[in-house]
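Just below is one structure, and these are the notes that go with it.
The figures here come from the full heavy-atom set of this structure, side chains too, leaving out hydrogens, waters and symmetry mates. Counting begins at 1 with the first residue of the sequence.
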Amino acid sequence: MIDSKIITFVTVAQLGSYTKAANSLYISQPAVSQQIKALEEELEVKLFIYQNRTLKLTPAGKKLLSFAESIQAQSKKFHALITNPAEKNQLSFASTLSIADSLMPKIITKIVSQQPQINITCHVLNTAQCLTELRNGKVDFALVEGNFDKQEFCSQEIFSDDFIAVGSKKLGLSATVKYQLRDLLKYPVIFREYGSGSYDIFHNLISAQNITATDFKSQYQIGSPTTIKKLLSNGLGISFLYRSVVEKMLQSEELIEIHLTDVHIKHPIYLVYLKNNYYEQDYLNLITSAL
């Protein structure tokens, strides 16, 4: 359904190599070069350049890649719907780890109650991985709290949550005391892995105060929000998480919110999908009705 030159272009762009693209497509490297040249002549733009022997997309190439990935993903979905009507009951999406436990059960339950026949696949990944799955057409949309290129993707804010400092009373912290961010440097800090939205927000939060993670007493970088919550409960350190992620622990006083006078962040949660998406309104209706 898609021009072979576009398929070749996307493969070269994603793999960053004519040779790797040729191997992936089971065609010769000269054939790959000829298709790219023909596409550039057809569009009258340069799509790739070499910088320090590395193949790079030009600005025009980046725009075409964004469009082509969207069309390619939608083409696969449309083809599946045409050839297998049962596919209309398939929904695949991704969610970041930080919001999976708190938001996903509510959303999935509501979707299933509205469409009992639907089959759902939900991938729980960090923000960078969610965006990769989108680009590759592996998921229909993603729910993320991290930073992403708004020129590359379409998005709608669907939810907003406080990003707060939390810890255990075992550390001598009090829910009634007002702290400044620098007061917390004497405690170990627990934060998410690189590539996660929560890491980006934490990094930006402390950078705004001219603080780095190494300024804290010690640092523990953990990929699982569930593990982070258990470590916090054990009094191992302090962390910065979405309020919804630790809401039950705050209510039971297993953890306390550390009230900061110099930091207040309310961060949006986004529905993110590829540009020029035929199913855009369907996704928006589905998620907004589930919240």
Show, in sequence, the C-alpha distance, side-chain angles and deciding distance for Asp161 and Arg243, and conclude whether the salt bridge (Lys or Arg N to Asp or Glu O under 4.0 Å) test is met.
CA-CA 7 Å; Asp161 200 359; Arg243 184 184 300 280; 5.2 Å; no

Between Gln156 and Ile287, is a side chain to side chain contact (heavy atoms under 4.5 Å, CB included) present by the stated rule, with each step listed?
CA-CA 10 Å; Gln156 293 287 335; Ile287 296 302; over 6 Å; no

Might you work through the side chain to side chain contact (heavy atoms under 4.5 Å, CB included) test for Thr96 and Gln129, ending with a clear yes or no?
CA-CA 9 Å; Thr96 52; Gln129 293 166 334; over 6 Å; no

May I have the step-by-step check of side chain to side chain contact (heavy atoms under 4.5 Å, CB included) for His267 and Ser160, ending in yes or no?
CA-CA 6 Å; His267 199 78; Ser160 188; over 6 Å; no

What do the steps show when you test Thr11 against Lys20 for side chain to side chain contact (heavy atoms under 4.5 Å, CB included), and what is the final call?
CA-CA 9 Å; Thr11 306; Lys20 291 179 180 178; over 6 Å; no

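Ring geometry, Phe93 versus Phe141: the interplanar angle falls under 30°, so the pair is classed parallel (tilted spans 30 to 60°). Phe48 and Phe9 have tilted rings, their planes meeting at an angle from 30° to 60° on a 0 to 90° scale.
When hydrophobic clusters are built by joining Ile, Leu, Val, Met, Phe, Trp and Tyr residues whose side-chain heavy atoms come closer than 4.5 Å, directly or via intermediates, Val245 is not grouped with Leu125. Both Val246 and Ile269 are part of a single hydrophobic cluster, where members link through side-chain heavy atoms under 4.5 Å apart. Linking ILVMFWY side-chain heavy atoms closer than 4.5 Å, directly or via other members, places Leu15 and Leu47 in two distinct hydrophobic clusters. Ile107 and Val124 are not part of a single hydrophobic cluster, where members link through side-chain heavy atoms under 4.5 Å apart.
You'll find the side chain of Arg182 reaches within 4.5 Å of the side chain of Ile211, heavy atoms only. In this structure, the side chains of Val189 and Leu184 stay at 4.5 Å or more apart for every pair of heavy atoms. When side chains are defined from C-beta on, Lys186 does not count as touching Lys217, because their heavy atoms never get closer than 4.5 Å. Between Ile228 and Phe191, the closest side-chain pair of non-hydrogen atoms is not below 4.5 Å. Residues Leu131 and Phe153 meet the side-chain proximity criterion, which asks for heavy atoms closer than 4.5 Å. The shortest distance between side-chain heavy atoms of Ile120 and Ile108 falls below 4.5 Å. At a threshold of 4.5 Å between non-hydrogen side-chain atoms, the residues Leu205 and Leu181 count as touching.
Side-chain atoms of Thr176 and Ser174 include a donor-acceptor pair closer than 3.5 Å. For the residue pair Thr212 / Thr214, a side-chain donor-acceptor distance below 3.5 Å is found, with atom types taken as modelled. With no hydrogens or angles considered, no side-chain donor-acceptor pair links Ser196 and Thr127 at under 3.5 Å. Tyr242 and Glu145 share no donor-acceptor pair across their side chains, judged by distance under 3.5 Å alone.
With hydrogens and angles ignored, the 3.5 Å screen pairs a side-chain donor or acceptor of Gln219 with a backbone N or O of Ala213. Judged by distance alone, with hydrogens and angles left aside, the side-chain atoms of Asn204 form a donor-acceptor pair with the main-chain N or O of Asp200 at under 3.5 Å.
In this structure, Lys266 places its NZ atom where more than 12 heavy-atom neighbours from other residues, nucleotides or ligands lie under 6.0 Å away. Heavy-atom contacts from other residues, nucleotides or ligands closer than 6.0 Å to CD of Glu44 number 12 or fewer. Summarising the local packing, CD of Gln117 is surrounded by more than 12 heavy atoms from other residues, nucleotides or ligands at distances under 6.0 Å. Few gaps surround CG on Asn234; more than 12 heavy atoms of other groups in view lie less than 6.0 Å from it.
Taking the centre and axis of the six-membered ring of Phe148, the NZ or CZ atom of Lys150 falls inside the cone set by 45° and 6.0 Å.
Test Leu241, Ile238, Ile222 against Ile190 for side-chain contact (heavy atoms from CB on, under 4.5 Å) and you get one pass: Ile222.
For Glu254 and Lys248, the salt-bridge test fails: no basic side-chain N is under 4.0 Å from an acidic carboxylate O. Of the charged side-chain nitrogens involved, none lies within less than 4.0 Å of a carboxylate oxygen, so that Glu152 and Lys62 do not count as a salt-bridged pair.
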